[in-house]
Structure formats: C-alpha cells, structure tokens
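Okay, so here's the structure we're looking at.
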Amino acid sequence: MNKLPYDFYCRNSVTLIARELLGKVLVTQLDGVLTSGRIVETEAYNGIVDKASHAWNDRRTNRTEVMYKEGGHAYVYLCYGIHYLFNVVTNKPGIPNAVLVRAIEPLEGITLMQQRKKSSGPLKSLGAGPGNVARSLGLTTLHSGLTLFEDSLYIADDGFRVKRSEIVAGPRIGVDYAGEDALLPYRFFIKGNPFVSGKKQPA
DNA sequence: CTGACGATTCACT
DNA sequence: GTGAATCGTCAGC
C-alpha cells in the first residue's frame, strides 16, 4: 500500500488534513503481526490558539514536545490512567498541530484486536472511540515520537474515496473545559458509518 | 515531593 | 444515568 508522504502532513491546515484522513488506512505491524483499520472519525487540535489542545498557549513540556516536530510524527499519550490516545502531528516544525484519530473500521488482524481487548463484544467496540483505536492497534506511549514512515507504523491510501457529501463536521467530544473553542467544528466523521463513536447518527 | 486531574471506557443501577 | 478504574503529567510548594 502507498504510505502517505511527508508532504501530506506538513501542510498548514490541520482541519484540512483531519478531513482528508477520513477513508485512509491506519496500519501497525508489531511483533510481526499486522493490524489495520480505515479511519472514519478524526478531530483537529489547532496548536497554541486552541484551548482544547495540550499545546494551548504554547505549553511546551516534555509530553507535548512531539507536537512541535514536523508533520508525520505520532503523538500517543495516556488519558485517565487507562487509555492511550493516538494523534498525528501536522504542520511545520515549531507549530504544534495534531489530529486525533477517534474511530476506525477494523480491516486486518481482527483476531489480534479481540485478544488485545481481552473480552468479546461487538466488532464496533474494537474501533469506536480513541481509547479503543489505540488499544486495538497495540499503540502505547512507547510509540509516541515515531514517524508514520516506519514499517511498523504508517497511514496508507488504498484508493478508497469518501464523497465530500458524506463528510460531516461538528463540535469535538470531551472538551467542554475549552470554553468557546469546544464549539468549533473540528470533529470530522463519515456520515452513517457504523463505526463512528457516540450515538447513532441520523441517516 | 505532593496533590489534582484528564482529548475515556465499561459495568452496573 | 452514574461512578469506578488508574497513573503520567504538571503546577505549586
């Protein structure tokens, strides 16, 4: 499959990249086993002017350092002490933009994903929600700072196309603390896709 | 060093 | 609908 090139990630519109990541395939190959899923839901985090971003107000720390790198790096961090969330760093060096992958449609390695979950359940539970995405693909903070040009971690274009009319934008989830910025339409998902997190979407 | 808390999920009422 | 799980990160002392 064709890995997305550096040029894809270094562009300066994080919301454009978040939108274009829909339909792409996120792949990990850890311990020799490949797991992959099609991205169906993303959220954009717009750097230092976005209160919902870890890098808001230029809060540069050890953890957020990866976001200041050039586009094409992976930013993974632990949330609530339990869940790992996977992000794609975008833009040029020094500009801490990132896209959170919130949901995938499992494609390959589903058996391993179910083992990682350690309990059975509907297929949707493997990919709906950012904590589930990282767990199913085996991603942890150990992978934070890697680039997406590895053999073990990358995003590919397999030719799948999402119609513009099928992309929906809305406010982000779980960022109520961000005040006005919580209302920004920075969440993108594929209309009607059953793997999108949250309540069922109207057709 | 200490304490508070989070870009969440799941089991249970 | 409500609450517990669980720990790295960060600000403050």
Side-chain angles (χ1 to χ4, degrees), chain A residues 9 14-19 21-22 26 37 39-69 71 73-91 95-106 113-146 148 155 168-190 194-200:
Chain A
Y9 302 105
V14 66
T15 51
L16 175 68
I17 295 172
R19 183 184 295 256
L21 279 174
L22 295 176
L26 177 57
I39 298 171
V40 298
E41 182 182 0
T42 61
E43 280 181 8
Y45 285 84
N46 192 25
I48 65 176
V49 299
D50 182 356
K51 283 185 186 160
S53 170
H54 290 158
W56 172 67
N57 200 25
D58 207 14
R59 267 167 55 126
R60 190 166 188 155
T61 66
N62 257 7
R63 179 176 63 154
T64 61
E65 189 62 29
V66 176
M67 283 205 280
Y68 286 81
K69 292 177 181 289
H73 284 264
Y75 171 48
V76 185
Y77 87 101
L78 181 64
C79 188
Y80 294 98
I82 301 182
H83 305 289
Y84 295 103
L85 307 208
F86 170 79
N87 303 253
V88 177
V89 175
T90 71
N91 220 313
I95 304 178
N97 288 4
V99 176
L100 170 68
V101 177
R102 286 195 60 87
I104 60 171
E105 174 179 343
M113 292 186 193
Q114 288 170 332
Q115 289 170 2
R116 283 169 174 156
K117 189 171 175 12
K118 290 185 184 134
S119 74
S120 59
L123 195 56
K124 170 171 178 174
S125 70
L126 294 176
N132 292 324
V133 170
R135 182 185 53 203
S136 290
L137 295 175
L139 292 166
T140 72
T141 49
L142 294 175
H143 307 103
S144 194
L146 293 178
L148 298 173
I155 298 176
V168 186
R172 290 171 293 186
I173 292 177
V175 295
D176 295 341
Y177 61 88
E180 310 173 351
D181 288 342
L183 303 176
L184 294 171
Y186 281 2
R187 172 175 176 244
F188 302 95
F189 58 95
I190 299 177
F195 294 92
V196 170
S197 66
K199 294 176 183 166
K200 198 177 89 174

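Naming: A, B, ... by sequence-line order, numbering from 1 per chain.
- Summarising the geometry, the separation between OH on Y77(A) and C1' on dT9(C) is reported as 11 Å, rounded to the nearest angstrom.
- Annotation: the span from I104(A) atom CD1 to S136(A) atom OG amounts to 6.0 Å, rounded to 0.5 Å.
- Here R59(A) reaches the OP1 or OP2 of dA11(C): one of its side-chain N or O atoms lies under 4.0 Å away.
- With the 3.5 Å cutoff on both pairing distances, Watson-Crick and G-U pairs in DNA chain C assemble into runs of at least 3 at B:1-6 with C:7-12, B:8-12 with C:1-5.
- Taking a 4.0 Å limit (strictly below) on heavy-atom distances, residues 83-90 of chain A reaches DNA chain B at H83(A), L85(A), N87(A).
- Considering V89(A), N87(A), V88(A) as possible partners of H73(A), the one that fulfils the side-chain contact (heavy atoms from CB on, under 4.5 Å) test is V89(A).
- Contacts with DNA chain C (heavy atom under 4.0 Å) in residues 125-138 of chain A: none are found.
- Rounded to an integer number of Å, the gap from D176(A) CG to dC5(B) P is 16 Å.
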Inset, instruction - Go through the steps to decide whether D58(A) and Y68(A) satisfy the test side chain to side chain contact (heavy atoms under 4.5 Å, CB included), and finish with yes or no. - result: CA-CA 10 Å; D58(A) 207 14; Y68(A) 286 81; 2.7 Å; yes
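- As rounded to whole Å, 17 Å separates atom P of dG6(B) from atom CG of L100(A).
- Summarising the geometry, the separation between CZ on R187(A) and P on dA7(B) is reported as 16 Å, rounded to the nearest angstrom.
- To the nearest angstrom, C1' of dC10(B) lies 20 Å from CZ of R116(A).
- On the C1' atoms, dA7(B) is 22 Å away from dG1(C), given to the nearest whole Å.
- Listed pair T61(A) / dC10(C) meets the phosphate criterion, a side-chain N or O lying under 4.0 Å from OP1 or OP2.
- The only member of V175(A), N46(A), V49(A), D50(A) that meets side-chain contact (heavy atoms from CB on, under 4.5 Å) when paired with D181(A) is D50(A).
- In this structure, CD of E41(A) is placed 11 Å from P of dT8(B), rounded to the nearest angstrom.
- Among the nucleotides dA7(B), dT9(C), dC7(C), the one closest to any side-chain atom of R63(A) is dT9(C).
- Contact check, K51(A) against dA7(B): no side-chain N or O comes under 4.0 Å of OP1 or OP2.
- Checking dC10(C), dG8(C), dA7(B) against every side-chain atom of M67(A), the shortest atom distance belongs to dA7(B).
- Rounding to the nearest 0.5 angstrom, the gap separating the NZ atom in K117(A) from the CG atom in N132(A) is 6.0 Å.
- The side chain of H54(A) approaches dA7(B) more closely than any other nucleotide in the set dG8(C), dT8(B), dA7(B).
- With rounding to whole Å, Y75(A) atom OH is found 15 Å from dG8(C) atom P.
- When rounded to the nearest whole Å, the span between CZ of R60(A) and P of dC10(C) equals 13 Å.
- Between H54(A) and Y77(A), the distance separating the two ring centers is shorter than 6.0 angstrom.
- Ranking dC10(C), dG6(B), dA7(B) by closeness to the Y80(A) side chain, first place goes to dG6(B).
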